[in-house]
S.K.: 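Got a structure for you, questions after.
For ligands, and for the atoms within them, numbers begin at 1 and follow the listed sequence. Positions are given from 1, in the same order as the sequence printed here.
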Amino acid sequence: MIADKPARQVASLTLDKTTFSYGETTLAFDVEFPAGKISAVMGPSGSGKSTLLNLVAGFEIPSSGRILINGKDFTATSPAERPVSMVFQENNLFAHLDVFRNVGLGISPSLTLDSGGHAAIADALARTGLAGKEKRLPRELSGGERQRVALARALVRDRPVLLLDEPFASLGPALREDMLELVAAMQIERKMTTLFVTHQPEDARRLASHVVFLENGTVAAAGEAADFFSADGPEAFRRYAGSAGSTPLASNAH
Ligand code: ADP
Ligand code: MG
């Protein structure tokens with residue numbers, strides 16, 4: 001059972017003077033994310049949020065600088081070998097594999113599963129409210145259910161760094177609320193160092209203890225969520241967040 005697992009190591013995460021270019025566009029990140037906490041990654045469209053996450057996941061390789069996880073250099077490590085799980089906005093699942101197998105890929109890319117693996121998958125499906133839907137194909141699920149499958153896979157993969165790239169952007173408000181609760185619960189249980197990309201200041205307030213704000217391919221401001229959301233938070237962030245960014249904290253960010 002998940003709850004009986006021993007306390008895990010929490011991982012610090014640093015992008016150490018990393019640069020990356022798409023042709024003319026150059027991005028540069030030099031930033032540290034606190035170990036075992038949720039950081040909201042925010043910023044206008046095109047500011048570099050997805051690129052930052054892709055550099056951590058290993059889907060992009062920086063042209064200079066290093067990706068450090070718990071001080072260890074993972075810059076040249078393949079995505080599968082990194083202590084990282086990622087959930088995208090959509091298209092996280094293999095269309096021809098049922099829910100059980102899509103989750104099982106988090107344990108074994110070849111779907112070689114022992115009884116412990118089966119139990120872990122059943123547990124993750126129960127946690128994400130998907131029990132009974134094991135045999136469904138992705139097309140037989142709602143958008144929210146598909147994102148739950150992706151989260152269940154991240155649960156069984158059980159890596160210390162979790163990257164969420166606008167995972168709930170395509171969901172309606174009620175469903176998004178459920179998913180936020182699920183991520184909060186996962187975080188309390190697993191203490192993953194989580195990067196959560198969101199356009200919703202409200203989501204960031206709910207979940208994040210730390211905020212990294214990007215503009216034009218670099219970090220424009222970073223700090224405690226409480227500071228960001230206070231009336232004298234960083235100017236660039238307040239401009240971006242508008243009135244939602246300067247009202248008092250609605251709930252206690254952990
Ligand atoms: P965000 O996720 O914040 O919207 P991205 O990381 O996707 O931003 O993009 C950062 C910048 O890199 C943007 O200027 C974008 O146009 C550019 N970019 C992203 N992906 C590519 C790509 N595959 N080819 C060329 N430019 C890209
Ligand atoms: Mg993006």
S.K.: Given the rule in the side chain to side chain donor-acceptor pair (under 3.5 Å) test, do Asn92 and Arg146 qualify, once you have shown the distances and angles that lead to the verdict?
M.R.: CA-CA 8 Å; Asn92 288 287; Arg146 283 197 287 271; over 6 Å; no
S.K.: Take Phe100 and Leu113 through the test side-chain contact (heavy atoms from CB on, under 4.5 Å) and record every step on the way to the result.
M.R.: CA-CA 11 Å; Phe100 189 88; Leu113 301 167; 4.0 Å; yes
S.K.: Contact between Glu140 and Asp98 at the side-chain level, heavy atoms closer than 4.5 Å - yes or no?
M.R.: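 Answer no - side chains too far apart.
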S.K.: Show, in sequence, the C-alpha distance, side-chain angles and deciding distance for His199 and Met42, and conclude whether the side-chain contact (heavy atoms from CB on, under 4.5 Å) test is met.
M.R.: CA-CA 6 Å; His199 282 286; Met42 303 192 75; 5.9 Å; no
S.K.: Which is it for Leu105 and Leu97 under the side-chain contact (heavy atoms from CB on, under 4.5 Å) test, yes or no, and what are the steps along the way?
M.R.: CA-CA 10 Å; Leu105 289 173; Leu97 296 179; 3.8 Å; yes
S.K.: Verify, without hydrogens or angle tests, whether Arg127 (side chain) and Ala152 (backbone) share a donor-acceptor contact under 3.5 angstrom.
M.R.: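 A pair under 3.5 Å: no.
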S.K.: Which is closest to atom 10 (C) of ligand 1 by heavy-atom distance: Pro44, Gly46, Ser50?
M.R.: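 Ranked by closest heavy atom to atom 10 (C) of ligand 1, first place is Gly46.
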S.K.: List in chain and number order the residues that pass salt bridge (charged side-chain N to carboxylate O under 4.0 Å, His left out) with Glu235, two or more places apart in sequence or in another chain; answer none if no residue qualifies.
M.R.: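 Residues passing salt bridge (charged side-chain N to carboxylate O under 4.0 Å, His left out) with Glu235: Arg238, Arg239.
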S.K.: Between Leu214 and Val219, does the side-chain contact (heavy atoms from CB on, under 4.5 Å) criterion hold? Intermediate values first, please.
M.R.: CA-CA 4 Å; Leu214 305 184; Val219 177; 3.6 Å; yes
S.K.: Have a look around the Mg ion (ligand 2) and list protein N/O/S atoms under 2.8 Å, or say none.
M.R.: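 Correct list: Ser50 OG.
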S.K.: Report the nearest protein non-hydrogen atom to atom 9 (O) of ligand 1: residue, atom name, distance rounded to 0.1 Å.
M.R.: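 Protein heavy atom at minimum distance: Thr51 OG1, 3.9 Å.
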S.K.: Can you name the nearest heavy-atom pair linking Ile69 to Ala11, along with the distance?
M.R.: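 Smallest interatomic distance, heavy atoms only, reads CG2-CB, 3.9 Å.
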S.K.: Answer yes or no for Gly217: is there a heavy-atom contact with ligand 1 below 4.0 Å?
M.R.: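 Per 4.0 Å heavy-atom rule, Gly217 does not contact ligand 1.
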S.K.: Quick check on atom 16 (O) of ligand 1 - does any protein heavy atom sit closer than 4.0 Å to it?
M.R.: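 No.
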S.K.: Does any N or O of ligand 1 fall below 3.5 Å from an N or O anywhere on Thr25, backbone included?
M.R.: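 There is no such contact.
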S.K.: With a 4.0 Å cut-off on heavy atoms, is Gly43 in contact with ligand 1?
M.R.: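 No, Gly43 has no heavy atoms under 4.0 Å from ligand 1.
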S.K.: So, is Leu27 polar-close to ligand 1, with some N/O to N/O distance under 3.5 Å?
M.R.: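 By distance alone, the answer is no.
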